[in-house]
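One structure is given below, represented as structure tokens, and several questions about it will come after.
Per chain, numbering begins at 1; letters A, B, ... match sequence-line order.
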Amino acid sequence: MDRPKALSLRGMRIYKGLIATEDQKAIIEDLREVTRRAPLFSPMTPYGKPMSVRMTSAGRFGWVSDKAGYRYADRHPNGQNWPPIPKRVLTIWEQVAGTERSPECCLVNFYGEGAKMGMHQDRDEMDFGQPVVSISLGDEALFRVGQATRGGKTESVWLQSGDVVVMNGEARLLYHGIDRIKTGTSTLLRDGGRLNLTLRVVT
DNA sequence: AAGTAACT
DNA sequence: GAAA
């Protein structure tokens with residue numbers, strides 16, 4: 001399948017406006033079913049401080065954080081299985097991921113007013129040869145990308161609803177984070193805020 | 001340090 | 001004082 005054009009930020013591919021507005025709305029409806037079966041929760045870092053995002057997952061595995069550390073778990077903290085990844089979301093993966101494998105986790109992060117995400121690497125997966133695909137929905141977010149080690153120079157870009165970022169190859173292990181969101185810049189979510197979907201092969 | 005604060 |  002042909003892949004759409006993308007900008008590059010330090011090797012990360014950024015597909016601006018990849019998802020049409022009607023599809024964004026449909027995905028939000030799909031996610032209502034996900035969060036009904038797997039409610040958003042506020043994760044604790046292993047250091048005892050809560051994260052400012054609320055999160056849940058879909059797929060075979062979900063990403064969780066608590067005093068035991070960061071890891072993938074096959075159950076929601078409530079003991080239930082994670083719901084399936086919505087088909088429309090899998091379609092986006094197929095458009096941009098460039099791998100035969102299917103994602104095993106769709107992490108759903110909700111950024112309300114003031115929520116942010118510190119600089120980190122995605123390194124809890126078994127195979128760093130598999131890509132990470134990140135989908136932005138709702139309010140704009142200031143996305144920052146650094147180096148493969150902590151503390152180097154960084155570059156930032158604003159992500160808007162419908163943008164898709166692919167981290168692969170040399171960019172797969174770059175540090176990245178969300179500095180802040182700009183509330184009220186999208187009406188996709190009725191009560192505002194931003195949803196980020198992160199698709200990953202885990203095993 | 002997937003957090004927070006301080007500092008420039 | 002805001003932003004990085």
Side-chain angles (χ1 to χ4, degrees), chain A residues 9-12 14 31 34-35 38-78 82 85 103-128 130-160 163-168 171-185 193-203:
Chain A
L9 182 64
R10 297 200 168 164
M12 291 193 181
I14 303 178
L31 292 173
V34 168
T35 57
L40 292 165
F41 57 94
S42 297
M44 291 298 281
T45 64
Y47 315 95
K49 300 277 191 163
M51 295 175 63
S52 56
V53 299
R54 292 195 297 146
M55 69 174 54
T56 188
S57 291
R60 172 80 176 79
F61 298 100
W63 189 85
V64 297
S65 172
D66 57 28
K67 59 191 171 187
Y70 308 133
R71 65 194 181 281
Y72 287 98
D74 59 11
R75 302 281 176 136
H76 186 281
N78 71 7
W82 306 100
I85 300 174
E104 297 168 309
C105 174
C106 175
L107 177 63
V108 179
N109 281 325
F110 175 74
Y111 293 75
E113 191 162 9
K116 50 198 183 307
M117 176 84 61
M119 296 291 282
H120 68 280
Q121 290 173 304
D122 287 25
R123 58 175 307 155
D124 299 320
E125 303 76 32
M126 300 296 296
D127 184 358
F128 299 146
Q130 293 296 327
V132 174
V133 172
S134 168
I135 298 170
S136 293
L137 297 166
D139 284 336
E140 294 173 19
L142 186 54
F143 179 60
R144 181 197 289 246
V145 179
Q147 319 265 134
T149 54
R150 248 181 212 292
K153 286 181 184 170
T154 65
E155 292 179 60
S156 298
V157 65
W158 283 96
L159 295 178
Q160 287 156 318
D163 294 351
V164 177
V165 180
V166 180
M167 306 178 205
N168 206 356
R172 175 62 176 76
L173 288 171
L174 294 182
Y175 274 85
H176 58 279
I178 295 292
D179 282 349
R180 57 199 155 90
I181 70 163
K182 205 182 287 181
T183 55
T185 50
R194 171 177 188 260
L195 280 169
N196 182 74
L197 310 184
T198 311
L199 296 160
R200 304 185 185 93
V201 176
V202 174
T203 60

- Note on the structure: When rounded to whole Å, the NZ to C1' distance for the pair Lys153(A) and dA4(C) reads 15 Å
- Message: Please report the distance, rounded to the nearest Å, between CG in Leu142(A) and P in dA2(C).
- Response: 17 Å
- Candidate pair Phe143(A) and Asp163(A), rule side chain to side chain contact (heavy atoms under 4.5 Å, CB included), full reasoning: CA-CA 12 Å; Phe143(A) 179 60; Asp163(A) 294 351; over 6 Å; no
- Message: For Asp124(A), run the side chain to side chain donor-acceptor pair (under 3.5 Å) check against Trp63(A), Tyr72(A), Tyr70(A) and tell me which one passes.
- Response: Trp63(A)
- Query: Any side-chain heavy-atom pair from Gln130(A) and Arg200(A) closer than 4.5 angstrom?
  - Reply: no
- Considering only atom P, compute the distance from dT4(B) to dT8(B) and round it to an integer number of Å. 23 Å
- Task: Decide if atom CD of Gln147(A) counts as having more than 12 heavy atoms of other residues, nucleotides or ligands within a radius under 6.0 Å.
- Result: yes
- Taking only side-chain nitrogens and oxygens of Arg180(A), does any of them come within less than 4.0 Å of OP1 or OP2 of dA4(C)? yes
- Item | Contact check, side chains of Asn109(A) and Met117(A), non-hydrogen atoms, under 4.5 Å | yes
- Which stems does DNA chain C form, counting runs of 3 or more consecutive Watson-Crick or G-U wobble pairs with both distances under 3.5 Å? none
Could you go through nucleotides 1-8 of chain B and list every protein N or O atom that sits under 3.5 Å from one of its N or O atoms, giving the distance for each pair?
residue : atom : partner   : partner atom : Å
dA1(B)  : OP2  : Arg150(A) : NE           : 2.8
dA1(B)  : O4'  : Tyr47(A)  : OH           : 3.3
dA2(B)  : OP1  : Tyr70(A)  : OH           : 3.4
dA2(B)  : OP2  : Met119(A) : O            : 3.1
dA2(B)  : OP2  : Arg150(A) : NH2          : 2.2
dA2(B)  : O4'  : His120(A) : ND1          : 3.4
dA2(B)  : N6   : Trp63(A)  : NE1          : 3.4
dG3(B)  : OP2  : Gly118(A) : N            : 2.6

- Query: Is Asn196(A) close to Leu107(A) at the side-chain level, that is, under 4.5 Å between some pair of heavy atoms?
  - Reply: no
- Query: Side-chain contact, heavy-atom cut-off 4.5 Å: Arg10(A) with Lys153(A)?
  - Reply: yes
- Query: Are any of the side-chain heavy atoms of Phe41(A) and His76(A) separated by less than 4.5 Å?
  - Reply: yes
